[in-house]
Amino acid sequence: YALSKEYPGTRFFQAHTTPKKSYDVVIIGGGGHGLAAAYYLAKHHGITNVAVLEKGYIGGGNTGRNTTIVRSNYLTPEGVKFYDASVKIYEDLSEELDLNLFYSTRGHFTLAHTESAMRTMRWRAEVNKHVGVESYVVGPDEIGKACPQMDLSCSGKAPIVGALYHAPGSVARHDAVAWGYARGADRLGVEIFQNTEVTGIDVQGGQVVGVNTNKGYIATNNVLSAVAGFTPRICEMVGVETPIVIHPLQACVTEPMKPWLDTILVSGSLHVYVSQSSRGELVMGSSLDPYEVHSTRSTLDFVEGLTSHMLDMFPFLSNIKVVRQWAGMADMTPDFAPVMGKTPVKGFYLDAGWGTWGFKATPISGKTMAETIARDQAPDLIHSFRLSRFEDYELTGEKGAASVGH
Ligand code: FAD
Ligand code: PYC
């Protein structure tokens, strides 16, 4: 599109700068979730008078900071069905968005180093199979065949006794997911504003009537908050309480290597997970930082802890350099499931609580939130994620399937 007459000077989508006075729907947050919701509002519901307001640049939040693991091997039947619907959309998404998302199915191993960890793997395998998702328990021999480079004894410290194997486990190019949805939404008439921050939400008589931004007031009766680690600040603007707390989650990559790691490996006990990107880097992460802080600083502690465990599994990597590290702000819920749907304020919709697990949900969250806004009613698929579950004591316990240590 660089030389297109239709979109002069833009590569992917039109560079809107000044919002109109009103929109049918305002979406706060130009991450994957906000952009996907905009795309499906236009595509599935014909609602195109939509503005996406992003305070930085699109994909610059957790979407562009995540380690891109896509899977559906969760613990609750509700979670497995939801994430499976997302995996199914992802599989054809490059074609739908006409953009190569580098979606690459690798197979995903959650390693168990103890018998009690194996119990959770069996539990997840059975729930997954029950709803038609391909996950099963494997022993050390099968793990060794899939990854002959790994020291299965983990330097004798924590021998691997088995794993949950999940065949559909995949990785994708994160920025492309944001850009693909942005371009798709833009082509359907949605307006995307970067460097545009929502500073307040105008609620009158329990109904949203507009938003204040650094570019002026915008009237609207429908606001979707899809801001990940900024959720508490947006909710404060409308007086909606959530149990979300913000913890940093860090990650890093090595210098590129010839491809050698075909699968995705996760060890909750050693607090490490790793995959190899399409350009050869090892993409690695670890547990959440153990304190609540609203910051994206990264620490030496993190790389030291992570790399020492990586070397337990892969001693031959001792001369490989870590070249970049970063952090994102994870919006954590008590049950490790998201918060999606309507709220006590009419016209204020919430897509939040994506913690360390939301990239894989980008397509299905966009689709279901678009439906929620268009019909003012959440579809059954996200009923278990409603905000009111915390008052109702009906939590959706996914802690054992969140993948990273906590
Ligand atoms: P974001 O991409 O963060 O977008 C929200 C946007 O809102 C931001 O761009 C922000 O600038 C904007 N915003 C905030 N406040 C305002 C405002 N007032 N006005 C306007 N705009 C505003 N998930 C997985 O499924 N698999 C993984 O492997 C994985 N790995 C992860 C690794 C790390 C290190 C991190 C940090 C997260 C990981 N996650 C993973 C989680 C995943 O990244 C997130 O859940 C997901 O990206 C959330 O997407 P989003 O669109 O909701 O949020
Ligand atoms: O949800 O699979 C996941 C994940 C891995 C690392 C961070 N999140």
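Because the structure is predicted, anything quoted here is derived from the model rather than measured.
The closest donor-acceptor contact from the side chain of T254 to the backbone of L282 lies under 3.5 Å. Using modelled atom types, no side-chain atom of S170 and backbone atom of V70 make a donor-acceptor pair closer than 3.5 Å. A donor-acceptor pair under 3.5 Å is formed between the side chain of R389 and the backbone N or O of R386. In this structure a side-chain-to-backbone donor-acceptor pair under 3.5 Å is present from T343 to V345. Side chain of D335 to main chain of L395: no donor-acceptor pair is present (N/O by atom type, distance under 3.5 Å, no hydrogens or angles). Proximity of a side-chain donor or acceptor of R106 to a complementary backbone N or O of Q276 within less than 3.5 Å is detected. Of the possible donor and acceptor atoms, none in the side chain of S267 sits under 3.5 Å from a partner among the backbone N and O of L111.
Sorted by first then second residue, the side chain to side chain donor-acceptor pair (under 3.5 Å) pairs that include residues 217-227, not counting sequence neighbours, are D202-Y217. Applying the salt bridge (Lys or Arg N to Asp or Glu O under 4.0 Å) rule to pairs touching residues 30-58 yields K43-E96, sequence neighbours excluded. Sorted by first and then second residue, the ring-ring contact (aromatic ring centres under 6.0 Å, His included) pairs involving residues 92-115 (not counting sequence neighbours) are Y90-Y103, F109-Y165.
In the model, N49 has a side-chain atom that pairs as donor or acceptor with a side-chain atom of K20 under 3.5 Å. H174 and T63 share no donor-acceptor pair across their side chains, judged by distance under 3.5 Å alone. Donor-acceptor pairing under 3.5 Å is recorded for the side chains of T299 and Q250. With no hydrogens or angles considered, a side-chain donor-acceptor pair links E191 and Y23 at under 3.5 Å.
Taking CD1 of I218 as the reference point, atom OG of S22 lies at 9.5 Å (rounded to 0.5 Å). Taken to the nearest 0.5 Å, the OG1 atom of T333 stands 11.0 Å off from the CG atom of L387. Taking CD1 from I192 and CG from D186, the interatomic distance works out to 5.5 Å, rounded to the nearest 0.5 Å. Expressed to the nearest 0.5 Å, how far CD of E197 lies from CG of N212 amounts to 11.5 Å. Separating the CD1 atom in I143 from the CE atom in M150 is a distance of 6.0 Å, to the nearest 0.5 Å. Rounded to the nearest 0.5 Å, atoms NZ (K399) and OG1 (T76) are 15.5 Å apart.
Within the 4.5 Å cutoff, the side chain of T372 has no heavy atoms near those of the Q377 side chain. H166 places none of its side-chain heavy atoms less than 4.5 Å from the side chain of I264. Between T18 and K215, the closest side-chain pair of non-hydrogen atoms is not below 4.5 Å.
Between K342 and D376 there is a salt bridge, since at least one side-chain N of the basic residue sits less than 4.0 Å from a carboxylate O of the acidic one. Salt-bridge formation is not detected for the pair K129/E134: no Lys NZ or Arg NE/NH1/NH2 atom is positioned less than 4.0 Å from an Asp or Glu carboxylate oxygen. Salt bridge annotation for R279-E281: present, with a cationic side-chain nitrogen under 4.0 angstrom from a carboxylate oxygen. One finds a salt bridge joining R122 and E115 here, because a Lys/Arg side-chain nitrogen approaches an Asp/Glu carboxylate oxygen to under 4.0 Å.
Residue E255 places its CD atom among more than 12 non-hydrogen atoms of other residues, nucleotides or ligands, all under 6.0 Å distant. No more than 12 heavy-atom neighbours from other residues, nucleotides or ligands sit within 6.0 angstrom of OH on Y57. Shown here is D380, whose CG atom has no more than 12 heavy atoms of other residues, nucleotides or ligands within 6.0 Å. Other residues, nucleotides and ligands place no more than 12 heavy atoms under 6.0 Å from the CD atom of E236.
In this view, R233 and H294 satisfy the side-chain hydrogen bond (donor to acceptor under 3.5 Å, both in side chains) rule, not counting sequence neighbours. Applying the ring pair (Phe, Tyr, Trp, His ring centres under 6.0 Å) rule to W326 yields no partners; only residues at least two apart in sequence or on another chain are considered.
Using a 30° and 60° split on the angle between ring planes, W260 and F314 fall in the perpendicular class, above 60°.
Here the rule is side chain to side chain contact (heavy atoms under 4.5 Å, CB included) with N73, and of T110, V133, V80, V127 only T110 fits it.
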Expected list for residues 352-363: side-chain donor-acceptor pairs under 3.5 angstrom, two or more places apart:
unit_1 : atom_1 : unit_2 : atom_2 : d
W354   : NE1    : H33    : ND1    : 3.3
W354   : NE1    : D351   : OD1    : 3.1
W354   : NE1    : D351   : OD2    : 3.2
W357   : NE1    : G353   : O      : 3.2
K360   : NZ     : Y74    : OH     : 3.0
K360   : NZ     : W357   : O      : 3.0
T362   : OG1    : F359   : O      : 2.7

